[in-house]
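Because the structure is a prediction, the values reported are computed rather than measured. Hydrogens, waters and symmetry mates are skipped; everything else that's a heavy atom, side chains included, is used. Here is the naming used below: chain letters follow the sequence lines, and residue numbers restart at 1 for every chain.
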Amino acid sequence: MLHLDLDAFFAAVEQRDKPSLRGKPVVVGGVGGRGVVSTASYEARVYGVRSAMSTREARSRCPHAAFLSGRFHAYRETSRQVMGLLRAASPLVEPLSLDEAFVDLAHAGLPDLSVETVTAFAEDLRARVMEATGGLTASVGIGTSKFIAKVASDLRKPDALVVVAPGTERDLLRPMDVRVIPGVGPATAERMRRVGIHTVEQLEAVSEDEMVRLLGNAHGHWLYSLARAEDDRPVVAEREAKSVSVEGTYDTDLTDRKLMESLLTRQANEVAGRLRKGGLSGRTVTIKVRLHDFTTLSRSSTLPSPTDSAATIARLARTLLADLDTTGGVRLLGVGVSGLADWVQEDLFGEAAEEEVEVLPEVEVPHHSRRTWAPGMDVEHAEHGRGWVWGSGRGVVTVRFETASTPPGPVRSFKDDDPDLTPWRPPEPEDEDGT
DNA sequence: TCTGGGGTCCTAGGACCC
DNA sequence: TCTGGGGTCCTAGGACCC
């Protein structure tokens, strides 16, 4: 297994494209009041600037650095070139992000997988990456598993190659901090520290049962294996997206609900656009709200059938926001869609389906029934036509109609067992033979 | 004016169904 | 009179990764 990691990728692309930045500290990330560092060039790292650090702190550590917000088109294009190079070397390539990928060397057509052969292959690959990208360096690790390849690529970066000979994996890992294990983050490391585990060697001494008790079922079994360098994960070239989301942190906290609603609406439009571009639609809409004190809340609702409609996603997002107390202010808002289906729903209403819907106040009434009504669900009522559920509970469903024939009043409430109130579904698309 | 954005995976509880 | 067992789906939150 080979792991390739482009060194200080975003900053390196900037230095490549702008010669005046070469040899100088460059910081790419959010440049607003609440931005964080995405990538720091090695010149900036000398001053202690690190990824995920607030840009404010980076500025105070290294005021003379160039602070850039990033040019993602350039990063994507360069990444595309590198991934292409890797795919030419082996059909089994798994990109992890724009700047990282695994390559299965068993499918690279090498005469053998000896240390000498893979070393020569990787040096050649690094040279080709540099040539193809106009001088970017890559760190490469090779080992008998994804885990070991990744550890190896991190060992001597930047611009280095490390090959871990088969059979030496556990000796390599033993003295290392438990944080080298993917999946051991701050919280897990702290739990381990509290029971006196700092190194992989100490982790090896823990029984599997104990690991599960300490870290939960999935995590416990998984880390028990990794501590022994047992990792048989294959390279997966094509992964299907499971969710699509957009979020934003604002420089000053939001307090105006109308503004929040319009921001959610815009985000919903972007999510819908990306869904459609990917030929996807999803059933679950989730909003994310980070309050002034950094408390993070999420609310979600699942529709009876998948959607890629901006209006549907926006409407549901605003409905979900309505249940949240945002007094005190909101620093982040986000909208996502999950439960994705890789097919697109029939566009039954043409362009009209994408008209924005005005937000209107909710109405309350009493009663009980069996049917579950989810906000955002499309409904039909004999007198009023097609609408969508604005709110539900205690046997009452409040429906908003968006057709021209809507009677006076913005919202109608019904007993939820009203025989004329039925979930509306698009007709099943018919096959050629009518089945 | 501490603390991004886009993701994945896991857990736990409740509803619901057979 | 006193309370099954398993499975699935949904929701909310949290850890983690780059």
Touch check for A:Val37, heavy atoms < 4.0 angstrom, all strands: base, sugar-phosphate only, or nothing? nothing

Can you find a side chain N or O atom of A:Thr302 that sits less than 4.0 Å from OP1 or OP2 on C:dT11? yes

When A:Gly35 and A:Val244 are each assigned the nearest nucleotide of DNA chain B, the 5'-most assignment goes to A:Gly35

Which part of the nucleic acid does A:Lys288 contact within heavy-atom distance under 4.0 Å: base, sugar-phosphate only, or nothing? nothing

Write down the distance between OH (A:Tyr250) and P (B:dG5), rounded to a whole number of angstrom. 8 Å

Validate the cation-pi geometry between A:Arg45 and A:Tyr47: distance from NZ or CZ to the six-membered ring centre under 6.0 Å, angle to the ring axis within 45°. no

Rounded to whole Å, how long is the line connecting atom CZ of A:Arg299 with atom P of C:dT11? 12 Å

Taking the six-membered ring of A:Phe67, is the NZ or CZ of A:Arg59 close enough (under 6.0 Å from the centre) and on axis enough (within 45°)? yes

With sugar-phosphate meaning primed atoms plus P, OP1 and OP2, does A:Gly30 contact a base, only sugar-phosphate, or nothing at under 4.0 Å between heavy atoms? nothing

A:Ser300 side-chain N/O to C:dA12 phosphate OP1/OP2 under 4.0 Å: yes

Given C:dC16, is OP1 or OP2 found less than 4.0 Å from the side-chain N or O atoms of A:Thr188? yes

By nearest atom, which of the nucleotides C:dT11, B:dG4, C:dC18 is closest to the A:Ser301 side chain? C:dT11

Please give, in whole Å, the distance from C:dT8 P to A:Arg283 CZ? 16 Å

State whether A:Arg179 and A:Asp177 are salt-bridged, where the test is any N-O pair (Lys NZ or Arg NE/NH1/NH2 against Asp/Glu carboxylate O) under 4.0 Å. no

C:dT11, B:dG6, B:dT1: which one has an atom nearest the side-chain heavy atoms of A:Arg56? B:dT1

How many Å lie between CG on A:Leu263 and C1' on B:dG5, as a whole number? 16 Å

With distance as the sole test, does A:Ser79 use its side chain to make a donor-acceptor pair with the main-chain N or O of A:Leu98 at under 3.5 Å? yes

Quick one: does A:Ser301's side chain have a donor or acceptor within less than 3.5 Å of a partner on A:Val285's backbone? no

Please determine whether a side-chain nitrogen or oxygen atom of A:Ser245 lies at a distance below 4.0 Å from atom OP1 or OP2 of B:dG6. no

Specify the separation, in whole Å, of atom CZ of A:Arg290 and atom C1' of B:dG6. 13 Å

Tell me which nucleotide among C:dC18, C:dT11, B:dG6 gets nearest to the side chain of A:Glu247. B:dG6

Nearest to the side chain of A:Thr252 - C:dA12, B:dT1, B:dT3? B:dT1

Check whether any side-chain N or O of A:Arg331 sits under 4.0 Å from OP1 or OP2 of B:dG4, and answer yes or no. yes

Side-chain contact test, heavy atoms from C-beta onward, threshold under 4.5 Å: evaluate it for A:Leu68 versus A:Val26 and give yes or no. yes

To the nearest angstrom, the CD-C1' distance between A:Glu190 and C:dC16 comes to 16 Å

Give one of base, sugar-phosphate or nothing for A:Gly248, where a contact means two heavy atoms less than 4.0 Å apart. sugar-phosphate

Return whichever of A:Ser243 or A:Val36 has its heavy-atom-nearest nucleotide of DNA chain B closer to the 5' end. A:Val36

Among the candidates B:dT11, C:dC16, C:dC10, find the nucleotide nearest to the side-chain atoms of A:Ala218. B:dT11

Rounded P spacing from B:dC2 to C:dC17 in Å: 27 Å

At 4.0 Å (heavy atoms only), tell me whether A:Leu332 reaches a base, stays on the sugar-phosphate, or touches nothing. sugar-phosphate

Scanning all shown strands, the Watson-Crick or wobble mate of C:dG13 with both distances under 3.5 Å is B:dC10

When rounded to whole Å, the CG to P distance for the pair A:Asn217 and B:dA12 reads 9 Å

What nucleotide, of C:dG13, C:dC17, C:dT11, holds the atom closest to the side chain of A:Leu297? C:dG13

Nearest whole angstrom, please: distance from the P of B:dT8 to the CD of A:Glu240. 11 Å

A:Arg34 has its side chain closest, among B:dG4, B:dT3, C:dA15, to B:dT3

Consider the side chain of A:Asp251, meaning its heavy atoms from C-beta on, and name the nucleotide among B:dG5, B:dG6, B:dT1 that approaches it most closely. B:dT1

Does B:dC10 have OP1 or OP2 sitting under 4.0 Å from an N or O in the side chain of A:Lys242? no

Decide, yes or no, whether a salt bridge links A:Glu131 with A:Arg128 under the criterion of side-chain N to carboxylate O below 4.0 Å. no

